[in-house]
Amino acid sequence: MWRRTALSLGRRQLQGGPRGHANQVPPASFRMSHKRPARRILGVEKNIWLEFTEMAAKYKSVDLGQGFPNFSPPDFVRQAFSDVVSGEDCLMHQYTRAFGHPTLVKILAKLYGQLLGQSIDPFGDILVTVGAYEALFTAFQALVDEGDEVIIIEPFFDCYEPMVKMAGGHCVFVPLRPKGTPDKPALSSGEWALDPDELASKFTERTKAIVLNTPHNPLGKVFKREELQVIAELCVKHDVLCISDEVYEWIVFDGNEHIKIASLPGMWAQTVTIGSAGKTFSATGWKVGWAIGPHRILKHLQTVHQNSVYHTATAAQEAVARGFQRELDVLGRPESYLFQLPRQLQEKRNRLVECLLSVGMRPIIPEGGYFLIVDISALNVELPEPADEEEPYDYRFAKWLIKTKGMATIPVSAFYSLGHRKDFASYIRLCYVKEDSTLEAAEKILKEWHLTK
Ligand code: IK2
């Protein structure tokens, strides 16, 4: 009896919930083998970062692929880490409070309390995690049950889909579509938008959550207040949670404003807001992130965290707390890093956009974040025959670019669900959060290639 229940449960999971495909059920011999992996990881084995980061390193490419700065974090943050590690307080090398080092949760509560216009309990409403990745993982594990539907806006940061699947949930996708026409194509990420009626049609009685990402990876879209209002009203009407991934919250350009959906009427009560010290202080390797929301919801993420990771490195948390302490003292002033960072990155964005336009490419100009996407369809590059017929054009193009031109980028179809990948295979993503020398090397490659075309 027990085995029959377990097997039928597994089959349902494999089929991806109520709308899954029967042909994903493995043969009985596989299911019975003690060597088989758990069903929850079947179908999520491939990972774009593993594949392309390895390739970029192998071919020693100019790397505009993965989203990390190849310059140092600001001095005051590095100094803070160094002081913490070399100081006299031996407890900085030991376990700390599981849900967040006290100095860090206190400063996060103060900062985000101001930003959200909401009183935040540092010891109840915050969970410090191993990067925003773990915040996302604990949110899906804690809140999504088998058969629950989670609405994901396409394109999307690639880990949302496998994380929902591993939690037993079912992803329901809704696209951001470019508003342009073939004669007058969209030029800015702001012109990629949701259709409000289409979005509304995705909310059903099975919908548990919607995932929002603003500023957006890979588009660089910064959602406007009116757009957030539409999402918020649907969440309130259907009592649906919003998991709001805001890791690029400080990086907005051209006078755009980052608005936190949790600050809209009724939304604090049903939003988990996710942030990253890696992106805030240009220190992605430190892997300090957080989830913030009402304790009623946050306590479930804490349960997952206490039974898996337990806590994030103490010294890194203390250094991030000192970084925020310094920033709170100078917030909004020219000496603030969070004031300087978007200005510095806007210049890098402009530089890359100008170069792409000068070689006849069509970038979608981002309003924020680390990335821009560029249309490759008009380049008409003839690629070698694919080894795998199923491989989308942009994957093959990005691999060809690494191998023949020495430049690493990421295919944008990796940010679409498997079923939609082939339809969105005409863009690549470039990261401009790089040293000027790296951007210069990329410019050289693009200009030389343009001359030989
Ligand atoms: N959420 C989003 C939207 C992210 O972009 C990231 C970081 N990903 O960057 C890799 C890339 O796209 O090239 C995360 C979450 C994870 O953040 P953290 O590094 O804090 O775990």
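This one's a predicted model, so the numbers in the text were calculated from it and none came from an experiment. For the single chain, residues carry numbers from 1 onward in sequence order. For ligands, and for the atoms within them, numbers begin at 1 and follow the listed sequence.
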> Phe253: what forms a ring-ring contact (aromatic ring centres under 6.0 Å, His included) with it, not counting sequence neighbours?
Replying inline: none

>> If you count heavy atoms of other groups shown closer than 6.0 angstrom to CD of Glu54, is the number above 12?
In response: no

>> Students often mix this up, so state it plainly: with edges at 30° and 60°, are the rings of Tyr95 and Tyr310 parallel, tilted or perpendicular?
In response: perpendicular

>> Please evaluate residues Phe415 and Ile373 with respect to the criterion side-chain contact (heavy atoms from CB on, under 4.5 Å), reporting the C-alpha separation (whole Å), side-chain torsions for both, the decisive distance (0.1 Å), and the verdict.
In response: CA-CA 11 Å; Phe415 301 89; Ile373 69 168; over 6 Å; no

> Does Tyr432 have Arg349 sitting over its ring (NZ/CZ under 6.0 Å from centre, angle to axis within 45°)?
Replying inline: no

Distances under 3.5 Å, N/O of ligand 1 against N/O of the protein: list each pair and its distance.
{"from": "ligand 1", "atom 1": "1 (N)", "to": "Asp245", "atom 2": "OD1", "distance (Å)": "3.4"}
{"from": "ligand 1", "atom 1": "1 (N)", "to": "Asp245", "atom 2": "OD2", "distance (Å)": "2.6"}
{"from": "ligand 1", "atom 1": "5 (O)", "to": "Asn217", "atom 2": "ND2", "distance (Å)": "2.9"}
{"from": "ligand 1", "atom 1": "5 (O)", "to": "Tyr248", "atom 2": "OH", "distance (Å)": "2.5"}
{"from": "ligand 1", "atom 1": "9 (O)", "to": "Lys279", "atom 2": "NZ", "distance (Å)": "3.2"}
{"from": "ligand 1", "atom 1": "12 (O)", "to": "Asn217", "atom 2": "ND2", "distance (Å)": "2.9"}
{"from": "ligand 1", "atom 1": "12 (O)", "to": "Arg429", "atom 2": "NH1", "distance (Å)": "2.9"}
{"from": "ligand 1", "atom 1": "13 (O)", "to": "Gly67", "atom 2": "N", "distance (Å)": "2.6"}
{"from": "ligand 1", "atom 1": "13 (O)", "to": "Arg429", "atom 2": "NH2", "distance (Å)": "2.8"}
{"from": "ligand 1", "atom 1": "20 (O)", "to": "Ala132", "atom 2": "N", "distance (Å)": "2.8"}
{"from": "ligand 1", "atom 1": "20 (O)", "to": "Ser276", "atom 2": "OG", "distance (Å)": "2.8"}
{"from": "ligand 1", "atom 1": "21 (O)", "to": "Ala132", "atom 2": "N", "distance (Å)": "3.0"}
{"from": "ligand 1", "atom 1": "21 (O)", "to": "Tyr133", "atom 2": "N", "distance (Å)": "3.0"}
{"from": "ligand 1", "atom 1": "21 (O)", "to": "Lys287", "atom 2": "NZ", "distance (Å)": "2.8"}

> Where does the angle between the aromatic ring planes of Trp286 and Phe81 fall among parallel (under 30°), tilted (30 to 60°) and perpendicular (over 60°)?
Replying inline: perpendicular

